[in-house]
Amino acid sequence: MRRSPVWWRRSRVVGASLVGAASLAAGVGAVGTVGAAPAKKSPINIAYLVPLTGTAAANGKDEENGFNLGLKHFGGTVDGHKITVTYLTTHGTPTVALSDAKKAVKTLHVNVVEGPLLADEIAATAPYVLSQGVPEDDLFLASPTQMKDYQTYKLGFTSGWDAYQVATEGAKWAYNTMHWRHVTTLADGYAFGWEDAGGFIKEFTKLGGKITKAIWPPVTVADMSTYVSEIPSSTQAVFTELLGAQGVSFYSQMKAYGLKTKIPVLGFTTTVDQSVLATATVKAATGPKSYGVSQYCTEIPTPANRAFVNLYHSTYHLWPAYYSEAGYTKAEILVNALRAVKATVKSTTTASEKRLASAMLAVRIAAPRGPVHITKKYHSPVQNTYICKVEDKAGSARDVPIKTFRNVPPRGLLSVSTWLATFTANSKGQPTA
C-alpha cells in the first residue's frame with residue numbers, strides 16, 4: 001500500500017497532576033478586594049514520534065497509550081508546568097520521521113523528543129534532533145552513529161533496549177537449555193532485523209550451533225505466507241523477529257502449514273509482543289512449542305508490573321504490550337528528571353536542555369520490566385531479559401516468564417569489541433550465517 005506523503009499530527013495536553021491544586025489564600029482588604037491570581041507557568045512541550053499506520057501501527061498506538069498512562073500516574077504537571085504532548089505519526093517511513101522531527105524542533109519548539117519506533121526512523125532523526133540541542137529518548141539503539149551522537153552531544157539516549165542484549169541471551173538459552181543445534185532465522189530485512197538476528201547468529205554459532213537458513217522479508221510486507229513456506233522442515237526451531245501485523249500473519253501461517261506442532265518458535269521481543277498476541281488466535285499463538293525472549297513479559301510477577309498491568313487493563317481494556325510498557329517507562333523517566341531540575345527547561349537554552357538530559361540519564365527506576373538504569377558510556381539501559389512461554393490465560397494469549405537473566409548490559413553476552421564490530425556491520429547490512 002502506498003503511504004500518503006502528508007504528515008499528520010494530533011496535539012493534546014496529556015494528564016493532570018495527581019496532586020490537587022492548593023487553595024489560593026485570597027488577600028482581602030478593608031473593602032473586600034481579592035488579590036491577583038499568580039502568573040501561569042509555561043508548559044513543558046514534548047513531541048512523540050510514532051507510526052500510526054503501516055505494519056507497526058499497533059505498536060505505535062501501544063506506545064502512545066503507555067506514555068499517556070504514565071503521565072497520568074506519575075504526574076502530568078511538574079512544579080506548576082503542565083506537560084503538553086504532540087503526537088506525530090511517522091507512517092513507518094524515515095523521511096516522514098525526519099520531517100516530523102524538523103517540525104517538532106523548528107515550529108513546535110519542543111523541550112524533548114521521544115524518539116521514533118522503527119530503527120531506520122531513529123537513525124534518520126536522532127542526529128538531527130541532537131545537533132539542534134534538543135534531548136531525545138529513543139526506543140532502540142539503532143546504529144553506532146546514533147550512539148556516537150549520544151556521546152558527543154550528551155543530549156540523547158535510549159531507555160528502550162539494544163538488540164544484542166536480548167538476542168544473545170536467547171541464543172544461549174536455545175543452545176544450552178533447549179539443546180537446539182540447527183535453527184532457522186526469520187527477521188525483517190532492515191537494520192532492526194539484521195541486528196536482532198545478527199546477535200542471535202553471532203552467539204548461537206559461537207556456541208557451536210548452525211543456522212539452517214536465514215530468511216529476510218521486507219519490513220513493509222505483512223503477509224508472511226511466502227516466507228513461512230521457506231522454513232526447512234529439517235530445522236529444529238525458528239528464531240523470529242517480526243513486527244505487528246507480520247507477527248499475526250506468522251502465527252497464522254505456521255498453523256496453516258502444519259508447522260506449529262512440529263517446529264518450536266523462539267520469538268524475539270516484537271513477535272511475542274501483546275499487540276501480536278492480542279490479535280493472533282490463541283490456538284495459533286500458544287502451545288508447548290511457543291516461546292519468546294524479551295525485556296518485558298506481561299506476566300512478570302512483581303508488584304510494580306502487576307500494578308501497571310492492572311492499571312493499563314482497567315484503563316484501555318487491553319493487556320499491555322512491550323511498547324505500552326516502554327511508553328509508560330519513558331513517562332516515568334521524564335517526570336523524575338523534570339522534578340530533579342525543577343522543570344527549569346527552555347527550548348532555546350542549550351545549558352538547560354543538557355541539565356534535563358543529564359537528569360534523564362541519571363534516573364534509576366524499578367520499572368514494570370524490572371530495574372532500569374542507563375549506562376553513561378553507551379547511553380543505553382542495563383536491564384533484565386526474560387525467556388517467556390506463550391500461554392493461554394483465561395482465553396487470551398499472554399507471555400509468562402520462565403527464566404530471568406538479570407542486569408544484562410547493552411552488548412548482551414558479547415565482548416565489547418565483538419559487539420561494536422557486529423553492531424557496526426549489522427546496522428549496514430544483513431549478517432552472514
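In this text the structure is predicted, and so the values were computed from the model without any measurement.
Heavy-atom minimum distance, P135 versus E353: CD-OE1, 3.2 Å. The nearest pair of heavy atoms linking A337 to M360 is CB-CG, 3.3 Å.
For T89 (side chain) and L52 (main-chain N/O), a donor-acceptor pair under 3.5 Å exists by modelled atom type. Between the side chain of E121 and the backbone N or O of T93 there is at least one donor-acceptor pair closer than 3.5 Å. Side-chain N or O atoms of E325 include one that pairs as donor or acceptor with a backbone N or O of R369 at under 3.5 Å. The main-chain N or O of N407 is found under 3.5 Å from a side-chain atom of N384 such that the two form a donor-acceptor pair. For Q165 (side chain) and V408 (main-chain N/O), a donor-acceptor pair under 3.5 Å exists by modelled atom type. Panel note: side chain K289, backbone T261; a donor-acceptor pair is recorded below 3.5 Å. Looking at S249, its side chain does come within 3.5 Å of a backbone N or O of M224 through a donor-acceptor pair. Of the possible donor and acceptor atoms, none in the side chain of N305 sits under 3.5 Å from a partner among the backbone N and O of G370. Between the T55 side chain and the A222 main chain, no donor and acceptor come within less than 3.5 Å of each other. Under a 3.5 Å cut-off, the side chain of E63 and the backbone N or O of L139 do not form any donor-acceptor pair.
A donor-acceptor pair shorter than 3.5 Å can be found between the side chains of T418 and S415. When only modelled atom types and interatomic distance are considered, D188 and Q246 share a side-chain donor-acceptor pair under 3.5 Å. Between the side chains of H91 and T53, at least one donor-acceptor pair of N or O atoms lies under 3.5 Å. Between the side chains of Q132 and K106, at least one donor N or O lies within less than 3.5 Å of an accepting N or O.
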Test side-chain contact (heavy atoms from CB on, under 4.5 Å) applied to V416 and L420, step by step: CA-CA 6 Å; V416 171; L420 292 176; 3.9 Å; yes
Check against side chain to side chain donor-acceptor pair (under 3.5 Å), S159 and D137: CA-CA 6 Å; S159 63; D137 175 3; 2.9 Å; yes
Worked check of side chain to side chain donor-acceptor pair (under 3.5 Å) between T269 and Q295: CA-CA 7 Å; T269 294; Q295 66 277 42; 2.7 Å; yes
CA sep, side-chain torsions, deciding dist, call: E195, S427, side-chain contact (heavy atoms from CB on, under 4.5 Å): CA-CA 6 Å; E195 292 171 26; S427 65; 3.5 Å; yes
Chi angles and distances behind the side chain to side chain donor-acceptor pair (under 3.5 Å) call for S380, D162: CA-CA 7 Å; S380 305; D162 177 58; over 6 Å; no
side-chain contact (heavy atoms from CB on, under 4.5 Å) evaluation trace for L266 with F200: CA-CA 11 Å; L266 179 60; F200 182 90; 4.1 Å; yes
CA sep, side-chain torsions, deciding dist, call: F192, F140, side-chain contact (heavy atoms from CB on, under 4.5 Å): CA-CA 9 Å; F192 183 67; F140 182 73; 3.5 Å; yes
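Counting heavy atoms from C-beta on, the side chains of V112 and L356 come closer than 4.5 Å. For the pair T177 and H179, the minimum side-chain heavy-atom distance is 4.5 Å or more. Between F423 and M147 the shortest side-chain heavy-atom distance falls below 4.5 Å. Here the side chains of F157 and L141 are not in contact, with every heavy-atom distance at 4.5 Å or above. Side-chain contact between Y190 and P218 is absent, with no heavy atoms from C-beta onward closer than 4.5 Å. The side-chain heavy atoms of L69 and Y316, taken from C-beta on, include a pair separated by under 4.5 Å. Using a 4.5 Å heavy-atom cutoff, the side chains of S294 and F268 are not in contact. D399 places none of its side-chain heavy atoms less than 4.5 Å from the side chain of K389.
The line from NZ of K354 to CG of L155 is 6.0 Å long, rounded to the nearest 0.5 Å. Distance check: D196 CG to N426 CG gives 9.5 Å after rounding to the nearest 0.5 Å.
Between W419 and Y378, the ring center distance clears the sub-6.0 Å criterion. A centroid separation of 6.0 Å or more is found between the aromatic rings of W194 and Y164. The ring of Y291 has its center closer than 6.0 angstrom to the ring center of W173.
The number of heavy atoms from other shown groups lying within 6.0 Å of NZ (K255) does not exceed 12. Residue R364 qualifies as open at atom CZ: its count of foreign heavy atoms under 6.0 Å is 12 or below.
Each of Y312, F308, Y296 was compared with Y328 under the ring-ring contact (aromatic ring centres under 6.0 Å, His included) criterion, and only F308 meets it. Tested against L338, the residues T77, I44, N111 include a single side chain to side chain contact (heavy atoms under 4.5 Å, CB included) partner, I44.
By the 30° and 60° cut-offs, the orientation of the rings of H379 relative to Y150 is parallel.
Salt bridge absent: E169 and K172 never bring a charged side-chain N and a carboxylate O closer than 4.0 Å. By the 4.0 Å N-to-carboxylate-O rule, E230 lies close enough to K213 to be salt-bridged with it.
Judged by the 6.0 Å and 45° rule, K330 forms no cation-pi pair with F67.
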